[in-house]
Amino acid sequence: MKLSIVIPLYNKEQFIERCLLSLINQDVSLHEYEIIIINDGSTDSSASIVEIYKKKYSNIHLFNQKNLGPSAARNKGIDVAKGEYIYFIDADDYLAENVLNILLKLAEKNNLEILGFNSIYRTDDAKIESSTPVVNDFSLNVMDGITFIGECDYRNEVWWYLIKKDFLIDIGLRFVERKFMVEDSIFTSNIFVKANRVAKKNMDVHRFVRVENSVTTSTDNTHLKKFIFDLVVAIEELNLLMNTLDKSHTSYGKAVKSFKRKQQSYVFTILIKAFKCNSLCFEDLKKILSRLNKLGVYPINKKLGGIGGDKTSRIYNMTAVPIFNNKALLFSSLKFKRLIS
């Protein structure tokens with residue numbers, strides 16, 4: 001079997017059917033790939049919807065477990081996967097039609113450990129796009145993971161990449177369970193620094209759907225507070241990972257800079273979330289800022305980059321960053337915001 005697609009599923013009855021349809025509408029024979037759904041204790045009709053498709057398609061497999069979180073679900077998927085390559089996708093996202101055959105050929109012909117591709121943002125009610133990409137040249141610029149991090153458009157979300165299962169098993173890496181809301185950051189960073197054959201194809205494959213009350217959009221105070229502390233741990237983990245890099249590698253400096261930009265984006269997110277999280281006490285925030293300062297990621301370095309996107313970075317650096325970098329101004333702004341909210 002060529003490919004195992006792993007889907008963690010928790011209360012996604014509104015989206016799972018679209019996700020499954022996008023994976024079925026592919027140009028690969030059913031016996032060549034499997035769709036593994038790990039039902040992580042859903043309390044809605046998500047699993048029932050999967051059961052309907054499971055009866056129709058022999059390559060769909062459903063596993064049920066108590067609610068342990070997406071990392072545990074993904075690890076379960078790794079354990080049961082039979083494919084040469086593994087792909088992780090979230091239940092509310094989906095793929096464009098007829099992309100899997102090309103991806104598998106690219107990965108196989110270039111003997112890749114990791115293959116990257118492009119993703120496009122879509123709305124909740126978006127429809128699956130009909131597409132038949134034409135690729136005549138299957139040669140790629142293959143490099144090691146550290147070079148990729150330093151030279152290419154490195155993203156840390158796991159759904160950007162097809163990963164060779166044997167490589168994943170050989171390095172013994174798994175998702176950290178019940179610890180991070182940003183577990184992708186640690187997982188993908190670690191697989192890249194250990195990879196020797198990585199490439200990217202500039203082909204639109206994945207569709208990311210921004211959903212209300214997801215990990216990144218929820219406004220629940222308990223959730224926000226955990227998200228903030230998880231981001232701090234992710235920043236610390238990236239620091240530890242950078243310390244393991246080979247300093248003699250030609251792309252060492254660029255890779256470190258890429259990781260530091262990622263850390264800085266997390267710092268910015270922490271401070272944005274602090275304005276939304278009324279349950280985060282000022283004393284905790286002071287301790288967080290002290291930890292970040294010791295790690296060398298606070299105050300934010302505007303010259304390093306990593307804040308916002310192409311259209312927003314300049315605005316953020318001119319408005320939000322000066323406030324965030326001035327503790328007196330930051331805390332007075334927080335006090336005012338909480339006073340009027």
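Judged purely by distance below 3.5 Å, without hydrogens or angles, the side chains of Asn293 and Ser290 never pair a donor atom with an acceptor atom. Using modelled atom types, one finds a donor on one side chain and an acceptor on the other under 3.5 Å when comparing Asp93 with His206. In this structure, a donor-acceptor pair under 3.5 Å is present between the side chains of Glu13 and Ser45.
Thr43 pairs by the side-chain hydrogen bond (donor to acceptor under 3.5 Å, both in side chains) definition with Asn11, not counting sequence neighbours. Remark: Asp153 pairs with Arg155 by the side-chain hydrogen bond (donor to acceptor under 3.5 Å, both in side chains) rule, at least two apart or across chains. For the ring pair (Phe, Tyr, Trp, His ring centres under 6.0 Å) test, no residue two or more places apart in sequence or in another chain qualifies with Trp160. Qualifying side-chain contact (heavy atoms from CB on, under 4.5 Å) partners for Glu17, counting only residues two or more places apart in sequence or in other chains: Leu21, Ile49, Tyr53. By the side-chain hydrogen bond (donor to acceptor under 3.5 Å, both in side chains) test, Glu34 is found to be paired with Ser4, residues two or more places apart in sequence or in another chain being considered. Under the side-chain hydrogen bond (donor to acceptor under 3.5 Å, both in side chains) criterion, Asn118 pairs with Lys200, sequence neighbours left out. For Lys276, the side-chain contact (heavy atoms from CB on, under 4.5 Å) partners two or more places apart in sequence, or in a different chain, are Leu224, Ile272. Listed by chain and residue number, Phe275, Asn278, Ser341 satisfy the side-chain contact (heavy atoms from CB on, under 4.5 Å) test with Lys337 (two or more places apart in sequence, or in another chain). Qualifying salt bridge (charged side-chain N to carboxylate O under 4.0 Å, His left out) partners for Asp246, counting only residues two or more places apart in sequence or in other chains: none.
Salt-bridge check for Asp79 with Arg174: passed, with a basic side-chain N closer than 4.0 Å to an acidic carboxylate O. A salt bridge is absent between Lys165 and Glu84: the closest approach of a Lys/Arg side-chain nitrogen to an acidic carboxylate oxygen does not fall below 4.0 angstrom.
Among residue pairs with one or both ends in residues 305-324, none qualify as side-chain hydrogen bond (donor to acceptor under 3.5 Å, both in side chains); sequence neighbours excluded. For residues 107-117, the set of pairs meeting the side-chain hydrogen bond (donor to acceptor under 3.5 Å, both in side chains) definition, not counting sequence neighbours, comprises Asn111-Lys164.
Applying the 4.5 Å side-chain rule to ILVMFWY residues, one finds Phe336 in the same cluster as Ile340.
Checked against a 6.0 Å centroid threshold, the rings of Phe15 and Tyr94 do not count as neighbours. Ring centroids of Phe192 and Tyr161 are separated by less than 6.0 Å, placing the two rings close together.
The line from CG of Leu95 to CZ of Arg18 is 11.5 Å long, rounded to the nearest 0.5 Å.
A cation-pi arrangement is absent between Lys257 and Tyr252, since the terminal nitrogen or guanidinium carbon is not both under 6.0 Å from the aromatic centre and inside a 45° cone about the axis.
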